[in-house]
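Computed from heavy atoms alone, side chains included, the values below leave out hydrogens, waters and symmetry copies. We name chains A, B, ... by the order of the sequence lines, and we start the count at 1 in each one.
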Amino acid sequence: AQSVTQLGSHVSVSEGALVLLRCNYSSSVPPYLFWYVQYPNQGLQLLLKYTSAATLVKGINGFEAEFKKSETSFHLTKPSAHMSDAAEYFCAVSEPGTASKLTFGTGTRLQVTL
Amino acid sequence: KAGVTQTPRYLIKTRGQQVTLSCSPISGHRSVSWYQQTPGQGLQFLFEYFSETQRNKGNFPGRFSGRQFSNSRSEMNVSTLELGDSALYLCASSLASGGRTEAFFGQGTRLTVV
(Lines give C-alpha, C1' and ligand atoms only; values in the text may rest on other atoms or scores of the structure.)
Protein backbone atom coordinates (compact mmCIF):
# COMPACT_ATOMS: atom_id res chain seq x y z
CA ALA A 1 0.00 0.00 0.00
CA GLN A 2 1.16 3.50 -0.73
CA SER A 3 1.60 6.16 1.93
CA VAL A 4 3.10 9.57 2.46
CA THR A 5 4.64 11.14 5.56
CA GLN A 6 5.04 14.87 5.87
CA LEU A 7 7.41 15.88 8.64
CA GLY A 8 6.31 19.00 10.46
CA SER A 9 2.68 20.06 10.57
CA HIS A 10 3.73 23.71 10.88
CA VAL A 11 6.73 25.43 9.37
CA SER A 12 7.54 29.10 9.88
CA VAL A 13 10.05 31.02 7.76
CA SER A 14 10.96 34.65 7.32
CA GLU A 15 10.16 36.39 4.06
CA GLY A 16 13.11 35.86 1.73
CA ALA A 17 14.31 32.71 3.51
CA LEU A 18 14.55 29.22 2.08
CA VAL A 19 11.41 27.11 2.21
CA LEU A 20 11.88 23.38 2.79
CA LEU A 21 8.86 21.12 3.25
CA ARG A 22 9.61 17.46 3.78
CA CYS A 23 7.84 14.47 2.27
CA ASN A 24 8.73 10.79 2.42
CA TYR A 25 6.78 8.15 0.60
CA SER A 26 6.23 4.45 0.70
CA SER A 27 5.22 2.55 -2.39
CA SER A 28 5.57 -0.99 -3.67
CA VAL A 29 6.14 0.23 -7.23
CA PRO A 30 7.79 3.33 -8.71
CA PRO A 31 5.30 6.01 -7.74
CA TYR A 32 3.93 9.20 -9.13
CA LEU A 33 4.43 12.04 -6.66
CA PHE A 34 2.71 15.39 -6.37
CA TRP A 35 2.74 18.56 -4.32
CA TYR A 36 -0.47 20.54 -3.93
CA VAL A 37 -1.15 23.85 -2.21
CA GLN A 38 -4.40 24.83 -0.53
CA TYR A 39 -5.39 28.36 0.43
CA PRO A 40 -8.16 28.92 3.02
CA ASN A 41 -11.59 27.83 1.83
CA GLN A 42 -10.19 26.78 -1.53
CA GLY A 43 -9.55 23.57 -3.38
CA LEU A 44 -6.13 22.13 -4.14
CA GLN A 45 -3.80 23.57 -6.74
CA LEU A 46 -1.06 21.45 -8.27
CA LEU A 47 2.41 22.86 -7.72
CA LEU A 48 4.41 20.13 -9.43
CA LYS A 49 4.49 16.43 -10.21
CA TYR A 50 7.00 13.62 -10.68
CA THR A 51 6.02 10.86 -13.09
CA SER A 52 9.34 9.03 -13.64
CA ALA A 53 10.99 11.56 -15.94
CA ALA A 54 13.55 14.05 -14.60
CA THR A 55 14.23 13.66 -10.88
CA LEU A 56 14.40 17.43 -10.33
CA VAL A 57 10.98 18.84 -11.00
CA LYS A 58 10.24 22.53 -11.37
CA GLY A 59 6.77 23.80 -10.63
CA ILE A 60 4.82 26.98 -10.45
CA ASN A 61 5.54 29.99 -8.24
CA GLY A 62 9.26 29.18 -8.00
CA PHE A 63 8.84 25.83 -6.25
CA GLU A 64 10.81 22.72 -7.10
CA ALA A 65 11.21 19.21 -5.72
CA GLU A 66 13.75 16.45 -6.12
CA PHE A 67 12.83 12.79 -6.28
CA LYS A 68 15.40 10.72 -4.34
CA LYS A 69 14.69 7.04 -4.63
CA SER A 70 17.43 6.03 -2.20
CA GLU A 71 15.90 8.24 0.50
CA THR A 72 12.26 7.69 -0.60
CA SER A 73 11.88 11.44 -0.42
CA PHE A 74 10.29 14.19 -2.46
CA HIS A 75 11.00 17.39 -0.53
CA LEU A 76 9.59 20.70 -1.73
CA THR A 77 11.84 23.78 -1.81
CA LYS A 78 11.71 27.43 -2.77
CA PRO A 79 14.82 29.63 -2.53
CA SER A 80 13.06 32.75 -1.25
CA ALA A 81 9.73 32.77 0.58
CA HIS A 82 7.09 35.36 -0.17
CA MET A 83 4.18 36.35 2.02
CA SER A 84 1.80 34.96 -0.58
CA ASP A 85 3.30 31.47 -0.06
CA ALA A 86 1.53 31.18 3.30
CA ALA A 87 -0.84 28.24 2.84
CA GLU A 88 -1.16 24.51 3.51
CA TYR A 89 0.92 22.17 1.41
CA PHE A 90 0.13 18.54 0.71
CA CYS A 91 2.35 15.84 -0.67
CA ALA A 92 0.54 13.01 -2.48
CA VAL A 93 1.41 9.69 -4.08
CA SER A 94 -0.31 7.50 -6.58
CA GLU A 95 0.70 4.18 -8.03
CA PRO A 96 0.51 3.59 -11.76
CA GLY A 97 -2.35 1.28 -12.50
CA THR A 98 -4.39 2.23 -9.47
CA ALA A 99 -6.59 4.57 -11.41
CA SER A 100 -6.42 8.16 -10.21
CA LYS A 101 -6.39 7.49 -6.48
CA LEU A 102 -4.19 9.96 -4.64
CA THR A 103 -2.98 9.24 -1.12
CA PHE A 104 -2.22 12.47 0.70
CA GLY A 105 0.03 13.34 3.57
CA THR A 106 -1.35 15.16 6.57
CA GLY A 107 -0.24 18.53 5.27
CA THR A 108 2.21 21.21 6.36
CA ARG A 109 1.02 24.69 7.15
CA LEU A 110 3.57 27.25 6.01
CA GLN A 111 3.72 30.57 7.82
CA VAL A 112 5.77 33.41 6.36
CA THR A 113 6.77 36.23 8.69
CA LEU A 114 8.22 39.67 8.01
CA LYS B 1 -11.09 27.18 -20.11
CA ALA B 2 -13.47 26.69 -17.21
CA GLY B 3 -12.18 24.82 -14.19
CA VAL B 4 -13.84 22.15 -12.11
CA THR B 5 -17.17 23.38 -10.80
CA GLN B 6 -18.71 22.06 -7.63
CA THR B 7 -22.18 22.93 -6.44
CA PRO B 8 -23.32 23.96 -3.99
CA ARG B 9 -20.36 25.61 -2.22
CA TYR B 10 -21.96 25.40 1.21
CA LEU B 11 -24.62 23.13 2.59
CA ILE B 12 -26.20 22.61 5.99
CA LYS B 13 -28.12 19.41 6.61
CA THR B 14 -29.71 17.72 9.56
CA ARG B 15 -28.55 14.37 10.90
CA GLY B 16 -30.43 11.53 9.19
CA GLN B 17 -31.05 13.44 5.98
CA GLN B 18 -29.42 12.69 2.67
CA VAL B 19 -27.45 15.01 0.41
CA THR B 20 -26.33 15.12 -3.21
CA LEU B 21 -23.26 17.03 -4.33
CA SER B 22 -22.48 17.85 -7.93
CA CYS B 23 -19.24 18.15 -9.87
CA SER B 24 -18.74 19.35 -13.43
CA PRO B 25 -15.26 18.44 -14.69
CA ILE B 26 -13.11 20.40 -17.06
CA SER B 27 -14.34 20.01 -20.62
CA GLY B 28 -12.82 16.89 -22.17
CA HIS B 29 -11.89 15.29 -18.85
CA ARG B 30 -13.37 11.84 -18.39
CA SER B 31 -12.11 10.93 -14.94
CA VAL B 32 -13.73 12.34 -11.80
CA SER B 33 -12.53 11.57 -8.29
CA TRP B 34 -14.01 12.56 -4.96
CA TYR B 35 -12.20 13.26 -1.70
CA GLN B 36 -13.32 14.06 1.83
CA GLN B 37 -11.26 16.53 3.87
CA THR B 38 -11.65 16.80 7.64
CA PRO B 39 -9.37 18.23 10.32
CA GLY B 40 -9.07 14.84 11.99
CA GLN B 41 -8.65 12.48 9.05
CA GLY B 42 -7.17 14.81 6.46
CA LEU B 43 -7.76 14.16 2.78
CA GLN B 44 -9.25 10.77 2.04
CA PHE B 45 -10.12 9.23 -1.31
CA LEU B 46 -13.78 8.33 -1.74
CA PHE B 47 -14.06 7.00 -5.28
CA GLU B 48 -13.19 7.56 -8.92
CA TYR B 49 -15.40 7.39 -11.98
CA PHE B 50 -14.21 7.04 -15.53
CA SER B 51 -16.56 6.78 -18.50
CA GLU B 52 -19.52 6.27 -16.17
CA THR B 53 -17.86 3.33 -14.38
CA GLN B 54 -16.52 3.30 -10.85
CA ARG B 55 -12.81 2.50 -11.16
CA ASN B 56 -11.71 2.61 -7.57
CA LYS B 57 -13.26 3.04 -4.14
CA GLY B 58 -11.88 4.14 -0.80
CA ASN B 59 -12.72 2.81 2.65
CA PHE B 60 -16.03 4.51 3.25
CA PRO B 61 -19.35 2.97 4.27
CA GLY B 62 -22.03 2.22 1.72
CA ARG B 63 -23.86 5.40 2.71
CA PHE B 64 -21.45 7.15 0.38
CA SER B 65 -22.20 6.56 -3.28
CA GLY B 66 -21.62 8.24 -6.57
CA ARG B 67 -22.33 8.16 -10.23
CA GLN B 68 -21.12 9.69 -13.45
CA PHE B 69 -23.20 10.75 -16.41
CA SER B 70 -22.43 10.47 -20.11
CA ASN B 71 -21.25 14.09 -20.18
CA SER B 72 -18.73 13.21 -17.40
CA ARG B 73 -20.54 15.24 -14.77
CA SER B 74 -20.57 13.42 -11.47
CA GLU B 75 -22.68 13.38 -8.35
CA MET B 76 -22.01 11.94 -4.97
CA ASN B 77 -24.70 11.07 -2.48
CA VAL B 78 -24.51 10.59 1.24
CA SER B 79 -27.51 8.99 2.89
CA THR B 80 -28.46 8.97 6.55
CA LEU B 81 -26.10 11.79 7.40
CA GLU B 82 -24.07 11.64 10.59
CA LEU B 83 -22.37 14.48 12.43
CA GLY B 84 -19.02 13.03 11.40
CA ASP B 85 -19.84 13.54 7.74
CA SER B 86 -19.27 17.26 8.18
CA ALA B 87 -16.37 17.97 5.89
CA LEU B 88 -15.09 19.68 2.78
CA TYR B 89 -15.85 17.44 -0.19
CA LEU B 90 -13.49 17.93 -3.09
CA CYS B 91 -13.91 16.79 -6.64
CA ALA B 92 -11.00 16.39 -9.05
CA SER B 93 -11.03 15.82 -12.78
CA SER B 94 -8.36 14.32 -15.02
CA LEU B 95 -8.06 13.74 -18.74
CA ALA B 96 -7.65 10.03 -18.19
CA SER B 97 -7.48 7.48 -15.44
CA GLY B 98 -4.21 6.00 -14.25
CA GLY B 99 -2.56 8.73 -12.23
CA ARG B 100 -0.10 10.11 -14.80
CA THR B 101 -2.34 12.94 -15.90
CA GLU B 102 -2.71 15.60 -13.29
CA ALA B 103 -5.85 16.07 -11.26
CA PHE B 104 -7.50 19.48 -11.18
CA PHE B 105 -9.53 20.19 -8.08
CA GLY B 106 -12.68 22.19 -7.62
CA GLN B 107 -13.19 24.59 -4.73
CA GLY B 108 -15.16 22.03 -2.81
CA THR B 109 -18.51 21.77 -1.11
CA ARG B 110 -18.50 22.53 2.60
CA LEU B 111 -21.07 20.21 4.22
CA THR B 112 -22.15 20.86 7.78
CA VAL B 113 -24.34 18.27 9.49
CA VAL B 114 -26.23 19.51 12.56
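- Transitive grouping of hydrophobic side chains (ILVMFWY, heavy atoms separated by less than 4.5 Å) keeps B:Val114 and B:Val78 in distinct clusters.
- Put simply, CZ on B:Arg110 and CG on A:Asn41 are 6.0 Å apart, with the number rounded to the nearest 0.5 Å.
- For B:Leu43, the parts sitting under 4.5 Å from any heavy atom of chain A are the backbone and the side chain alike.
- Other residues, nucleotides and ligands contribute more than 12 heavy atoms inside 6.0 Å of the CG atom of B:Asn71.
- Annotation: A:Leu20, atom CG; neighbour count of heavy atoms from other residues, nucleotides and ligands within 6.0 Å is above 12.
- Connection of A:Val57 to A:Trp35 is established within a shared hydrophobic cluster, with ILVMFWY side chains joined at heavy-atom distances below 4.5 Å, either directly or through further cluster members.
- Interface remark: B:Gln37 contributes side-chain atoms only to the contact with chain A (heavy atom separation under 4.5 Å).
- In this structure, A:Phe104 has its ring center at least 6.0 angstrom away from the ring center of B:Phe45.
- To the nearest 0.5 Å, the span separating OG1 on A:Thr103 from CD on B:Gln44 amounts to 10.0 Å.
- The neighbour count for B:Arg73 CZ, taken as heavy atoms of other residues, nucleotides or ligands under 6.0 Å away, is above 12.
- For B:Arg63, the CZ atom is densely surrounded, since the number of other residues' heavy atoms within 6.0 Å is greater than 12.
- Considering every non-hydrogen atom in both A:Gln38 and B:Leu88, the closest pair reads NE2-CD2, 3.8 Å.
- B:Tyr35 and A:Leu102 make their closest contact through OH-N, 2.9 Å (heavy atoms, listed as atom of the first residue, atom of the second, distance).
- Here A:Gln45 contributes atom CD and B:Phe104 contributes atom CZ; the two are 10.0 Å apart, rounded to the nearest 0.5 Å.
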